Amino acid sequence: MSRSAFGDWDGSIEGARRLQTQLAAQVRLVDEAPAAPRTIAGLDVGFEDQGATTRAAAVLLDGTTLQLLDSVVERVPTAMPYVPGLLSFRELPALLAALQRLAQVPELVLVDGQGIAHPRRLGIAAHFGLATGLPTIGVAKKVLCGRFEPPGPQPGAHTPLVHNGEQIAWMLRSKARCNPLVVSPGHRVSMDGARERVMALLRGYRLPEPTRLADRLASRRGAMPERVPAPTGRF
DNA sequence: GCGACAG
DNA sequence: ATCTTGTCGC
């Protein structure tokens with residue numbers, strides 16, 4: 001546990017929740033990332049060895065063409081179990097290690113998971129933003145907390161996700177016939193800015209390019225000529 | 001007390 | 001997250 005990411009955490013569950021509440025007060029929901037980032041990173045985590053090993057993937061894309069500039073996969077022994085609401089304490093160390101191995105420091109980061117759409121407003125994307133100081137956006141496939149009305153069927157439709165009377169994210173229909181994404185600002189990005197940025201990064205798939213590519217690396221799927229796919233069925 | 005619960 | 005083939009629908 002690096003002091004920079006978890007401060008003086010005592011290691012307890014209650015302590016982790018207390019720290020989240022403290023850190024959440026430092027999150028800035030103001031647009032501070034360049035209007036046209038030169039580089040954008042996508043981050044995601046996967047597991048192997050039945051969870052014993054945490055695999056973090058980081059991809060660096062050209063902010064204008066979205067072409068892949070670099071990608072890294074970092075493996076670290078898993079140190080904590082998954083506890084709803086405390087995801088960053090389990091995955092942040094691996095994500096930070098992956099980011100540091102990237103060829104360049106990105107001007108904007110998309111993380112697979114919640115930004116401020118969290119019980120104490122500190123999802124992994126927000127925590128990552130505070131730990132690195134970089135502008136971040138959380139792109140999750142499921143809701144952690146809050147309620148919402150389903151957005152319309154057309155791509156781009158969106159409705160607010162509300163928790164304790166405040167909007168914590170946008171439920172965004174990124175693609176027709178697909179469940180909406182949970183888009184929330186992490187750090188140094190506004191609520192509207194988060195949605196607009198994600199919309200601009202969509203390329204025909206449910207997930208925006210940065211997160212989609214990181215997902216494939218972290219989950220062992222395509223984009224890695226490590227093994228020829230075995231034939232299905234006989235002939 | 002009961003149900004929900006990112007990855 | 002992960003274990004896993006085929007299958008229904010657009």
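Both backbone and side-chain heavy atoms feed into the values below; hydrogens, waters and symmetry mates do not. Small disclaimer: the values here were computed from a predicted structure and weren't measured. A, B, ... follow the sequence lines: proteins, then strands. Residue 1 opens every chain.
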Gap between atoms CZ and P, on A:Arg90 and C:dA1 respectively (whole Å): 11 Å

Minimum-distance nucleotide (side-chain atoms of A:Leu87 versus C:dC10, B:dA6, C:dT2): B:dA6

For atom CZ of A:Arg147 and atom C1' of B:dG3, their distance in whole Å: 13 Å

Distance, rounded to the nearest Å, where A:Leu122 contributes CG and B:dG7 contributes C1': 16 Å

Whole angstrom value for the distance that separates P of B:dG7 from CZ of A:Phe128: 17 Å

Sugar-phosphate only, base, or nothing, as touched by A:Gly138 at under 4.0 Å among non-hydrogen atoms: nothing

Between A:Ser12 and A:Asp10, a side-chain donor and acceptor under 3.5 Å: yes

A:Val182 vs A:Gln114 side-chain heavy atoms within contact, under 4.5 Å: yes

Rounded interatomic separation in angstrom, taking CZ from A:Arg220 and P from C:dT2: 10 Å

Aro-ring/base stack A:Tyr82-B:dG7, d under 5.5 Å, angle under 30°: yes

Sugar-phosphate only, base, or nothing, as touched by A:Leu86 at under 4.0 Å among non-hydrogen atoms: base

Under-4.0 Å salt bridge between A:Arg203 and A:Glu209: no

Touch class at under 4.0 angstrom, heavy-atom based, for A:Val83 against every strand present: nothing

B:dA6 phosphate, OP1 or OP2, under 4.0 Å from A:Lys141 side-chain N/O: no

Interatomic distance where CG belongs to A:Leu161 and C1' belongs to B:dA6 [whole Å]: 12 Å

Axial cation check for A:Tyr82 ring with A:Arg90, 6.0 Å and 45° limits: no

Separation of B:dA6 P from A:Asp44 CG (nearest whole Å): 14 Å

Whole angstrom value for the distance that separates C1' of C:dT4 from CD of A:Gln50: 15 Å

A:Arg55 side-chain N/O to C:dT2 phosphate OP1/OP2 under 4.0 Å: yes

Aromatic ring pairing A:Phe89/A:His127, orientation class (parallel under 30°, perpendicular over 60°, tilted between): perpendicular

